[in-house]
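Data first, discussion second: the structure below is written as structure tokens.
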Amino acid sequence: MSGRNPAPRRSYAGRSAEERRAERRERLLAAGLELFGTRGYAATSIERLCATASVSTRNFYEEFSGREELLTTLHRGVNERAAEAVSAAYARAADADFATRVERAVRAFVTVTASDPRWARIAFVEVIGVSAGLEGHRFRWRGQWEDAMLAMIREAAARGEAVDRDYRLTMIAIIGAVNNLVHHWSARDQHVPLDDITAELTHLILAAVTTP
């Protein structure tokens, strides 16, 4: 028998090649967060990313096809974390009233996307207008957020807590408001307590779905 067992992977300082590659990837993601989230995507070169992450350009291209894939990966990551946090917070408040369920979901979203201004910039600013491919990625996530919010509203309507009507256009408007307010706060008004941002967004959503 031959060719069934891979050759032993060389290790350095007790770390396998896979572990070292994973560490390089994490350093590139951290560099992308820092540079895209402070300097901006357009002002960040691959060379700067590599220097910040202490990796070679060859190592960079082993992980990502270019800056756009790195930005896409970061954007996907913050949205996935936000979606998981919102879902968990909403589930924990399943037996509470609608206002409480909305407040818990909003607080989870704001905490993930805005506690660090770099993540807010990546989530709401730097991904806009980069390419048709990234726009498609962004709109797919926007659609997922619309669907998640609509599911919450339908549940509330079934419980008699919200007006039973078509909310799709309303959700598009609310998502735009949420994104703009969260980004504005993270970039300019961090002296405003995060509790106030959560309360304002909760009020906006409740007003939109409980008014005929």
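Residue numbers start at 1 and run along the sequence shown.
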* Asked: For residues D195 and T198, is any side-chain donor paired with an opposing acceptor at under 3.5 Å?
  -> no

* Less than 4.0 Å between a side-chain N and a carboxylate O, is that true for E63 and R21? -> yes

* Asked: Parallel, tilted or perpendicular for H75 and H137, by the 30°/60° rule?
  -> perpendicular

* **Short side-chain to backbone donor-acceptor contact, R138 and I128, under 3.5 Å** => no

* salt bridge (Lys or Arg N to Asp or Glu O under 4.0 Å) partners of E69, counting only residues at least two apart -> none

* To do: May I ask you to decide if the ring planes of W145 and W141 are parallel, tilted or perpendicular, using 30° and 60° as cut-offs?
  => tilted

* Pairs where residues 31-54 contributes a residue and the test ring pair (Phe, Tyr, Trp, His ring centres under 6.0 Å) is met, not counting sequence neighbours -> F36-Y41

* Asked: Listed by chain and number, what are the ring-ring contact (aromatic ring centres under 6.0 Å, His included) partners of Y167, not counting sequence neighbours?
  -> none

* Keeping the roles fixed (side chain from E126, backbone from G40), state whether a donor-acceptor pair exists under 3.5 Å. => no

* Straight-line distance of L134 CG to T72 OG1, nearest 0.5 Å -> 4.0 Å

* Gap separating the CD1 atom of I122 from the OG1 atom of T73, nearest 0.5 angstrom -> 11.0 Å

* Taking the side chain from R118 and the backbone from T38, do they hold a donor-acceptor pair closer than 3.5 Å? -> no

* To do: For the pair S87 (side chain) and A83 (backbone), establish whether a donor and an acceptor sit closer than 3.5 Å, ignoring hydrogens and angles.
  => no

* Asked: Taking atom types as modelled and ignoring hydrogens, do the side chains of E34 and T52 form a donor-acceptor contact shorter than 3.5 angstrom?
  -> no

* Carboxylate-amine/guanidinium contact D147 R168, below 4.0 Å -> yes

